[in-house]
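Quick notes on the structure that follows.
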Amino acid sequence: VGPYVLVTPNETRRKQLQQIAKKELDDLEQWKKEHRPGPITLVPQRLGGNESEAQVRQNQQMILMQSKYQKKHKREEYVKAKKAAEEAEILKKKAIQREKAERLEVKKRQEEMRRREMLLEDQKYKTNELLNRLDVGLPKSDSCQIANPGPESTAWKRSHAYKKALREDENRRLEEMRQEQQRKAELLEFKQKQEEETRTRALKNEQRSCLPSLFIFYCTLRVNNAFLDRLQNKTQPNNIYHPGYTG
């Protein structure tokens, strides 16, 4: 540690400062005592309104009851709105899931039809290939007439008749598949229309079912308001000579 210088305190200066601080504190206390506020004097006067205390208490009780009814009504309206929103959300989700299921069903049917058509084409190709193999070496000309048909012409006629029968069978199957697909499409469209009508009818019934409850609530509210009005008319004075009136 480096060198340092020790300075002795000045006792006289310290005493002077302490005396000055003490004098200032005493002056502050003296000023507070001199400027202390005195007692408040008010002129006596009559306070209050034109209604008695009982009437004021009754009015306060009525206002409190009305506020309770209003809070209850607001709470019920909030619960109903929340429930209606939840039901609408659930119905919306159900409709979306139903549409997805219907689209998936249609897609499956289309894939099944495509698979059947491919299978029929493959079967037709293989049948034609087999018949072509059987027709190798047989006469193909239709202009020449054979006087004495042999076994080869008989085989060719049989193969030709078989091909014709296969083509007719294939055409019949394709026509049946087209008709079946058309019937399924018409049935699906009818089902969608019926479901739409059912949803519309359910929505209308729900709206109609909500009307009686709203009418009952409206009537109850009118009865309560009429009762409160009669009660308020009874409690308010009609003239200055009414008992309990202090003008």
Side-chain angles (χ1 to χ4, degrees), residues 21-103 191-247:
K22 185 178 180 183
K23 185 176 182 303
E24 289 178 353
L25 292 174
D26 294 339
D27 293 341
L28 179 62
E29 292 293 331
Q30 186 67 26
W31 184 86
K32 286 182 179 180
K33 289 178 181 180
E34 291 177 356
H35 293 80
R36 180 179 298 172
I40 299 174
T41 57
L42 297 175
V43 179
Q45 58 182 352
R46 186 179 181 84
L47 301 176
N50 297 328
E51 296 180 355
S52 63
E53 184 179 358
Q55 292 176 352
V56 173
R57 296 292 184 187
Q58 194 171 6
N59 291 335
Q60 289 179 352
Q61 187 176 3
M62 289 176 60
I63 293 171
L64 182 61
M65 290 174 63
Q66 289 178 358
S67 65
K68 286 182 179 180
Y69 281 119
Q70 290 176 358
K71 288 181 181 178
K72 184 179 179 181
H73 175 64
K74 289 181 180 179
R75 186 165 54 251
E76 290 177 354
E77 289 293 331
Y78 174 74
V79 172
K80 288 181 180 179
K82 186 177 180 181
K83 187 177 180 181
E86 290 177 354
E87 290 179 355
E89 187 68 22
I90 291 172
L91 291 176
K92 184 178 178 181
K93 290 181 179 179
K94 286 183 178 179
I96 292 172
Q97 294 296 329
R98 191 181 299 110
E99 290 178 359
K100 288 183 179 179
E102 290 176 356
R103 286 198 297 268
K191 186 178 179 182
Q192 290 177 354
K193 289 182 180 179
Q194 191 174 9
E195 289 178 354
E196 185 67 24
E197 292 177 357
T198 304
R199 286 197 295 268
T200 306
R201 197 179 300 110
L203 183 60
K204 289 182 180 179
N205 293 332
E206 185 178 0
Q207 292 177 356
R208 291 176 182 173
S209 63
C210 291
L211 288 176
S213 61
L214 292 175
F215 179 72
I216 293 171
F217 175 75
Y218 177 70
C219 293
T220 307
L221 185 62
R222 289 190 61 185
V223 171
N224 292 335
N225 291 333
F227 173 73
L228 294 175
D229 292 338
R230 290 198 300 272
L231 186 62
Q232 187 174 5
N233 292 329
K234 287 182 181 179
T235 55
Q236 290 181 355
N238 295 327
N239 50 36
I240 60 175
Y241 299 101
H242 193 277
Y245 180 81
T246 56

Identify, with sequence neighbours excluded, every residue that meets side chain to side chain contact (heavy atoms under 4.5 Å, CB included) alongside [X].
X	answer
Arg36	Lys33
Glu102	Arg98, Gln192, Glu195
Thr41	none

[atom2] on [Y] to [atom1] on [X], rounded to 0.5 Å:
X	Y	atom1	atom2	value
Gln30	His35	CD	NE2	10.5 Å
Met62	Gln55	CE	CD	11.5 Å
Ile63	Met65	CD1	CE	12.0 Å

**OP:** Kindly indicate whether the side chain of Val56, heavy atoms from C-beta on, has any atom under 4.5 Å from the side chain of Gln60.
**Re:**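 Answer yes - side chains close enough.
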
Please report, to 0.1 Å, the donor-acceptor pairs under 3.5 Å made by any side chain of residues 86-97, with sequence neighbours excluded.
none

**OP:** Please identify each residue that fulfils side-chain hydrogen bond (donor to acceptor under 3.5 Å, both in side chains) with Asp27, with sequence neighbours left out.
**Re:**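 For Asp27, the residues satisfying side-chain hydrogen bond (donor to acceptor under 3.5 Å, both in side chains) (neighbours in sequence not counted) are Lys23.
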
**OP:** Name all residues meeting the side-chain hydrogen bond (donor to acceptor under 3.5 Å, both in side chains) criterion together with Arg199; count only those two or more places apart in sequence or in a different chain, and write none if there are none.
**Re:**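 Partners of Arg199 under the side-chain hydrogen bond (donor to acceptor under 3.5 Å, both in side chains) test: Glu196.
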
Original post:
Counting heavy atoms not belonging to Glu34, are there more than 12 under 6.0 Å from its CD?
Top reply: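 It does: Glu34 CD has more than 12 such atoms within range.
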
